[in-house]
Amino acid sequence: QVQLVESGGGSVQAGGSRRLSCAASGRTFSNYVMGWFRQAPGKEREFVAAISRSGGMTHYADSVKGRFTISRDNAKNTVYLQMNSLKPEDTAVYFCAANQGYVIYRSTAVYDYWGQGTQVTVSS
């Protein structure tokens with residue numbers, strides 16, 4: 001079992017920045033591909049970004065590429081999502097997730113563990 005706890009959500013104006021953190025506990029953190037997803041009201045949960053076990057490879061949704069950066073600190077068992085140039089359409093609950101595989105996937109179905117989510121609200 002892996003427990004994931006997100007933090008860092010809140011309200012921000014358009015154009016602003018926010019950094020989300022996801023702290024993991026329970027198993028060896030570096031054995032998991034980590035992902036960030038988000039879900040806006042009335043919409044399906046969607047892929048945002050993911051990072052390989054070592055942190056050497058990342059992948060982003062087109063909608064956030066160039067604005068968001070995913071990173072991880074395996075010594076601290078934490079994955080981060082730096083969000084810059086935020087837009088109102090980034091408003092959502094953001095979830096981190098862990099996948100025991102080696103390949104970065106965009107699908108929610110392959111992720112084994114999920115956090116409870118943190119709300120990010122971007123006002124115009």
Side-chain angles (χ1 to χ4, degrees):
Q1 282 279 1
V2 173
Q3 291 78 42
L4 302 173
V5 179
E6 302 95 337
S7 61
S11 297
V12 61
Q13 289 193 329
S17 297
R18 202 83 187 178
R19 188 175 86 153
L20 305 183
S21 300
C22 173
S25 61
R27 291 283 180 93
T28 304
F29 181 67
S30 58
N31 286 347
Y32 294 86
V33 168
M34 298 299 297
W36 283 99
F37 293 78
R38 66 186 182 187
Q39 188 166 19
K43 295 188 176 181
E44 292 187 355
R45 193 169 298 187
E46 65 174 3
F47 172 79
V48 174
I51 188 166
S52 62
R53 293 181 171 203
S54 67
M57 187 176 299
T58 58
H59 187 64
Y60 297 92
D62 288 344
S63 59
V64 306
K65 200 172 294 182
R67 300 189 298 121
F68 290 12
T69 303
I70 187 172
S71 61
R72 67 189 296 163
D73 186 337
N74 286 344
K76 295 183 178 180
N77 292 349
T78 303
V79 61
Y80 304 98
L81 185 68
Q82 177 66 44
M83 306 184 294
N84 298 330
S85 302
L86 282 161
K87 304 175 181 180
E89 50 263 45
D90 294 319
T91 295
V93 177
Y94 283 73
F95 299 88
C96 72
N99 169 24
Q100 297 182 73
Y102 291 86
V103 178
I104 292 178
Y105 289 104
R106 301 165 62 98
S107 171
T108 59
V110 302
Y111 285 81
D112 306 292
Y113 304 101
W114 292 83
Q116 82 290 346
T118 186
Q119 175 72 46
V120 174
T121 302
V122 184
S123 58
S124 57

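Side-chain contact between S21 and K76 is absent, with no heavy-atom pair separated by less than 4.5 Å. With contacts defined as side-chain heavy-atom distances shorter than 4.5 Å, the pair Y105/V33 does not qualify. Under the 4.5 Å side-chain criterion, counting only non-hydrogen atoms from C-beta, F95 is not in contact with L4. Looking only at side-chain heavy atoms (C-beta outward), T91 and Q119 come within less than 4.5 Å of each other.
F68 and Y94 have tilted rings, their planes meeting at an angle from 30° to 60° on a 0 to 90° scale.
Dense packing is recorded around OH of Y113, with more than 12 heavy atoms of other residues, nucleotides or ligands lying under 6.0 Å away.
The closest donor-acceptor contact from the side chain of T58 to the backbone of I51 lies at 3.5 Å or more, if one exists at all. For the pair R19 (side chain) and Q82 (backbone), a donor-acceptor distance under 3.5 Å is absent. Side-chain atoms of R72 come within 3.5 Å of backbone N or O of S52 as a donor-acceptor pair.
Exactly one of L20, D90, I70, L81 qualifies for a side chain to side chain contact (heavy atoms under 4.5 Å, CB included) with V48. That residue is L81.
Pairing each heavy atom of K65 with each of Y60, the nearest pair is CE-O, 3.8 Å.
Remark: R27 is not positioned above the aromatic ring of Y32, lacking an NZ or CZ atom under 6.0 angstrom from the ring centre and at most 45 degrees off the axis.
One finds the CD atom of E6 at 5.0 Å from the SG atom of C22 (value rounded to the nearest 0.5 Å).
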